[in-house]
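One structure is given here, and the rest of the page talks about it.
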Amino acid sequence: MNRLVLGIVLLLAVHETAIGAVAPASSHPPVPDVASVITAQKVAGEQGGDQLPEVIHSGDRQRAEALIREAEGLRTLGFYGKAIDALREASVLSQGNQQTEALVLNAMGNVFQLAGMLTEARSYLERSISLAQGADREDIHAAALNNLGNLDMVEQQYAAALANYEASTRLAIKTSNALLQAQALINGARAAEQTGNTEKLASLLGEAITVSRGLNDSSDKANDLIAIGQLYALSGGTAGTATAYAAFTQALSISEKVSDLRAQSYAQGYLGQLYEKERRYGDALELTRRAIFIAEELNAPEMLYRWYWQKGRLHKAQNKQDEAIAAYRQAVTNLQSIRNDLSQNYASGQSSFRKVFSPLYFELADLLLQRASGAGENEVESYLNEARDTVEQSKTAELQDYFQDSCVTSTQSRIVQGNQFGEHTAIVYPILLQDRMELLVTLPRGIKQFRVPLSSRVITEEIRVFRTKLEKRTTREYIPHAQKLYTWIIKPFEAELAAQQVDTLVFIPDGPLRTIPMSALHDGNKYLIESYSLATTPGLTLTDPHSFQNNNVRVLLNGLTESVQGFSSLPNVNSELTAIGKMYNGTVLKDGDYVLSKVKEKMGEKPYTVVHIASHGQFQGDSSKTFLLTHDEKLTLNQLEKLIAPSRYRDQPLELLTLSACQTAAGDDRAALGLAGIAIKAGARSALASLWFINDSSSSVLISKFYEYLKQPGNTKAKALQQAQVDLIKDSRFRHPGYWAPFLLIGNWL
């Protein structure tokens, strides 16, 4: 794992630089100020300001200062745990001295923020500010305010961030800390840009560039100018581009003077990006190559992925497809080398992974798919498999990012051949691109490509309408939309399904496609579920394709019938638990018995095959706010994982996790991603869960039927769900898909 300066390049990337459809993360995010107060005397001397009062006097405080510096170095390298350990030792040494303790708490706040522990980070920073005020240390106060603004930016509280940056700027001016003043002004400009306050943005940028240019030449000055140049480049227009060019050029000159190779690479790369925007592709390529050369010398994948991506776009613009593909492959390889760190980079839960990084994977897949459509017969399959694998890499990283857990996909397999999933199974891989949708379908006799000439925008709009209409159980307004989506998603390869005798479809949906049930698509005569058993999975390599052994099944049933914690009662849960309990002689924890401690106790007594939870559950875009309700508290996904984790190491891991009363918000792709990944996160081979909540007897009927069919010898989980859903379609009370369609089988369908 290469963590070198990842903290500088990727962390807190709340601002993206776009060229066309590309949105690579900003290389210069809000600038943290951790230990600069200790060196403020030197900074003030360089700028001609007054000397700051000495902070460290005693041996203990000198040791605390050294530990703060050590922690800053560890933070920069991404070793947050070690940085926190050093700061905790410094905290002990600083007890009884307000100003030293304020310094330590400021550093703690910054490191905890970068580690994704935002509540703790805010507490440390607020305590640092309080102590700094009590000690009359405006320099420490200014640094902590800057860091607090950075935390506000991570939490998307842009107005609060701007206020903190402006307060930091005022104190930095008062204490003659021009370096911190410049940093706070730059950060304030970013906050203003996020709020759409163009007047404030222009004002702060103007001040920032004036202050930065007044600094002595240094790496800090070069990096400040690069950050300023990025913001001017985003503002657009001739004036903005000209100022950005001047800032990058000056940054390049300074970085060469002070021998800062990293800043040299960034300055040249971003100059290349300006030329790219102006369509001066030859000049842009030359600068990009220079940026790559330096980044390779530094062995800096966090820079290389960016510049190879840029090189790929430039070759693509020049219609040099082979060169473009080669550059994109290099970009993906470098990004993959730091992928395990990405889950730590957007700790607010408002992850930008899909916006910032996924375009790289999808642009490469786009090129590969274009090449496949014109390739010779012997090459087609190779290009299609590479395109699918490229998108698969994006999906894996996106799932890690959602759960803020780089280990969540550690059990990835490499099984990707269709015949390894069953001779009558087809894997459907829709890829939404800007101008079209590509359907990669892995059939028993190989992978095939089908193109739908509709933009992702058009398809997304139709999906949103379909989902809304589908939940209205009193109308049939959903039908035209169900038929239209069937025509787009299924019709192109319908003949192949019949020719190869496919009876099971497994979807790996992308983006908005995660928010709808494919079972409700309609061919004009019948629903898709009436023709095929269906399943969904967040990624092909994230599926464990083992057959379900339905003998000696041990079931742990958990559920709420009562109204607790402000949630409505679930009166049908009682009959649901009773029916399943009789079928499988299951262990039941209901209402007051359904508490975390008892669930944990039961899970430790014996290995269960199925864990069934009939309780409210909410999946949200922020995984930390996703939960399942127990009688006395909310069960988080991390807690659920810890409950089930021991089963992973048994001969027979948990086969099925059923959530019979959960819901995701319509149109929330990230919440649907959480639902799609629940089996992987929990450590189960598969999950049965619902896209929306149905407080109705239909839910209990369907779930009970599913378990009944699951007992039948030779039945797969997908077929059991199909039979249960078809039974409800035949029932006049529940034939509307609003009753049966939200239930999805996720993960292993066998």
Side-chain angles (χ1 to χ4, degrees), residues 30-45 49-72 75 83-115 117-155 157 160-181 183-184 187-188:
V31 184
D33 192 285
V34 180
S36 70
V37 179
I38 296 174
T39 59
Q41 291 181 350
K42 178 175 181 293
V43 173
D50 294 334
Q51 298 292 300
L52 293 176
E54 183 65 49
V55 175
I56 306 299
H57 298 291
S58 71
D60 280 351
R61 281 174 284 166
Q62 288 172 355
R63 173 62 179 155
E65 173 186 348
L67 286 165
I68 293 172
R69 291 184 186 279
E70 179 184 338
E72 172 66 359
R75 179 202 67 79
I84 289 170
D85 288 342
L87 290 170
R88 282 179 173 150
E89 184 180 347
S91 179
V92 173
L93 294 170
S94 68
Q95 294 301 311
N97 185 288
Q98 280 189 318
Q99 57 193 26
T100 311
E101 191 174 355
L103 277 171
V104 174
L105 291 172
N106 179 33
M108 290 281 274
N110 188 54
V111 177
F112 271 83
Q113 173 189 338
L114 298 179
M117 303 168 73
L118 304 187
T119 301
E120 294 90 339
R122 186 170 294 278
S123 174
Y124 283 125
L125 291 172
E126 288 175 349
R127 286 165 58 196
S128 175
I129 289 170
S130 177
L131 287 171
Q133 288 174 318
D136 196 24
R137 288 304 304 267
E138 292 178 328
D139 51 339
I140 304 173
H141 188 183
L145 282 169
N146 182 66
N147 284 339
L148 190 59
N150 292 348
L151 178 57
D152 290 330
M153 289 288 282
V154 171
E155 295 183 329
Q157 298 177 26
L162 181 56
N164 281 319
Y165 290 139
E166 289 183 321
S168 177
T169 300
R170 289 192 295 270
L171 288 173
I173 293 171
K174 193 173 179 181
T175 57
S176 301
N177 190 337
L179 177 58
L180 178 55
Q181 180 188 353
Q183 293 171 346
N187 292 342

_Side-chain (Gln95) to main-chain (Ser91) donor-acceptor, under 3.5 angstrom_ =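 Looks like yes, one N/O pair under 3.5 Å.
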- prompt: Any donor-acceptor pair under 3.5 Å linking the side chain of Tyr165 with the backbone of Gly149?
  reply: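 Side chain of Tyr165 to backbone of Gly149, a donor-acceptor pair under 3.5 Å: yes, one is there.
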For [X] and [Y], work out which heavy atoms get closest and say how close.
| X | Y | result |
| --- | --- | --- |
| Ala142 | Ala172 | CB-N, 4.1 Å |
| Ala167 | Leu145 | CB-CD1, 3.8 Å |
| Ala144 | Ile129 | CB-CG1, 3.6 Å |
| Glu101 | Gly96 | OE1-N, 4.4 Å |
| Leu162 | Gly188 | CD1-O, 3.5 Å |
| Ala71 | Ala86 | CB-CB, 4.2 Å |

With rounding to the nearest 0.5 angstrom, report the [atom1] to [atom2] distance, [X] to [Y].
| X | Y | atom1 | atom2 | value |
| --- | --- | --- | --- | --- |
| Asn97 | Asp60 | CG | CG | 10.5 Å |
| Asp136 | His141 | CG | NE2 | 11.0 Å |
| Leu87 | Asn110 | CG | CG | 9.5 Å |
| Leu125 | Leu105 | CG | CG | 8.5 Å |
| Arg137 | Asn106 | CZ | CG | 12.0 Å |
| Leu93 | Leu67 | CG | CG | 6.5 Å |

Q. When you check the side-chain N and O atoms of Asn177 and Asp139, is any donor under 3.5 Å from an acceptor?
A.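 On atom types as modelled, these side chains do not qualify, holding no pair under 3.5 Å.
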Q.
Please determine whether a side-chain nitrogen of the Lys or Arg among Arg75 and Glu72 lies less than 4.0 Å from a carboxylate oxygen of the Asp or Glu.
A.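 The answer is yes: the pair qualifies as a salt bridge.
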query: Taking 4.0 angstrom as the limit, do Arg69 and Glu65 come out as a salt bridge?
result: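 Salt bridge between Arg69 and Glu65, a charged N being under 4.0 Å from a carboxylate O: yes.
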So [Y] and [X], do their side chains get closer than 4.5 Å, heavy atoms only?
| X | Y | answer |
| --- | --- | --- |
| Asn164 | Asn146 | no |
| Arg63 | Glu89 | yes |
| Arg88 | Met108 | yes |
| Ile68 | Val104 | yes |

**Prompt:** Looking at residues at least two apart in the chain, or sitting in another chain, which of them share a side-chain hydrogen bond (donor to acceptor under 3.5 Å, both in side chains) with Glu70?
**Reply:**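 Residues passing side-chain hydrogen bond (donor to acceptor under 3.5 Å, both in side chains) with Glu70: none at all.
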Could you go step by step and tell me if Gln62 and Thr100 meet the side chain to side chain contact (heavy atoms under 4.5 Å, CB included) rule?
CA-CA 10 Å; Gln62 288 172 355; Thr100 311; over 6 Å; no
State which residues pass side chain to side chain contact (heavy atoms under 4.5 Å, CB included) with Ala121; sequence neighbours excluded, sorted by chain then number.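 Ala121: side chain to side chain contact (heavy atoms under 4.5 Å, CB included) contacts with Phe112, Gln113, Leu151.
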